[in-house]
Every structure is written in C-alpha cells, then in structure tokens.
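Here is the structure we will look at, set down as structure tokens.
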Amino acid sequence: MVRLGNHPEVALCLPCARWGAREARAIEDRDKTGLLVNMRARVRHARDGVIDRNWHRHRLIGGPLRWLDRHLP
C-alpha cells in the first residue's frame, strides 16, 4: 500500500498508485508543449490502443507489453 504524502489517511495499492501518477502527469501535460510532452502523449495513445485491443491479455505478447508498461512514463 502507498500512502499519499499530504493525506496519510488515503492508501492506494501499487498498480493504482502507478495509474494515479500517470493521470497526474497527463493533467500536468495539458498546458505544456515540447518534445517530451509530445512523446508522452504518443506513449499514452499507444497504451490506450493496446488496452482497447486487449493485447495486454494475449498469451504471447501480453507479458512483455505489461513489463514495458511498468517501465514507460
């Protein structure tokens, strides 16, 4: 469990904490421009496509895709 710094009464499991961090980054990127912001947007778009197609649940490529997901912004 991960506790939020300013709100120790709130705890998230590790996958939910990763999701929350990604969402926070996406919100911060809305008002920014630049190369890294564009790259993160492309990664988010690719991630959404993988999830829409259920490739992350595929027998052969699901494991590597989930590993990659944990190591990308």
Side-chain angles (χ1 to χ4, degrees):
M1 298 301 283
V2 177
R3 300 228 177 250
L4 299 182
N6 291 337
H7 298 279
E9 69 276 6
V10 177
L12 299 171
C13 65
L14 193 55
C16 292
R18 283 191 187 118
W19 174 83
R22 273 194 204 120
E23 288 294 310
R25 245 180 262 119
I27 291 169
E28 289 175 352
D29 282 350
R30 286 181 191 163
D31 298 329
K32 296 181 182 178
T33 60
L35 181 63
L36 292 176
V37 174
N38 290 337
M39 289 176 60
R40 283 192 300 266
R42 288 178 187 219
V43 168
R44 277 193 294 275
H45 183 71
R47 180 181 288 122
D48 291 342
V50 166
I51 292 171
D52 287 345
R53 292 169 182 84
N54 279 328
W55 290 350
H56 63 295
R57 298 178 191 266
H58 191 273
R59 249 180 67 209
L60 299 176
I61 62 171
L65 285 174
R66 288 188 301 271
W67 179 88
L68 186 62
D69 182 52
R70 285 191 301 269
H71 293 88
L72 288 176

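Atom set for the values below is all heavy atoms of this structure, side chains included, hydrogens, waters and symmetry mates excluded.
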N/O donor to acceptor pairs below 3.5 angstrom from side-chain atoms of residues 4-17, sequence neighbours left out:
from, atom 1, to, atom 2, distance (Å)
His7, ND1, Glu9, OE2, 3.3

Please tabulate, one pair per line, all N/O donor-acceptor pairs under 3.5 Å involving side-chain atoms of residues 42-49, not counting sequence neighbours.
from, atom 1, to, atom 2, distance (Å)
Arg47, NE, Asp69, OD1, 2.5
Arg47, NH2, Asp69, OD1, 3.2
Arg47, NH2, Pro73, O, 3.2

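In this structure, Glu28 CD and Arg30 CZ are separated by 11.0 Å, a value rounded to the nearest 0.5 Å. Between atom CZ of residue Arg66 and atom CD1 of residue Ile61 there is a gap of 10.0 Å, rounded to the nearest 0.5 Å. Taken to the nearest 0.5 Å, the CZ atom of Arg22 stands 13.0 Å off from the CZ atom of Arg40.
Residues in residues 51-63 take part in no side chain to side chain donor-acceptor pair (under 3.5 Å) pair, two or more places apart or across chains.
Every ring-ring contact (aromatic ring centres under 6.0 Å, His included) that His71 has, sequence neighbours left out, goes to Trp67. Residues satisfying the side chain to side chain contact (heavy atoms under 4.5 Å, CB included) test with Trp19, not counting sequence neighbours, are Glu23.
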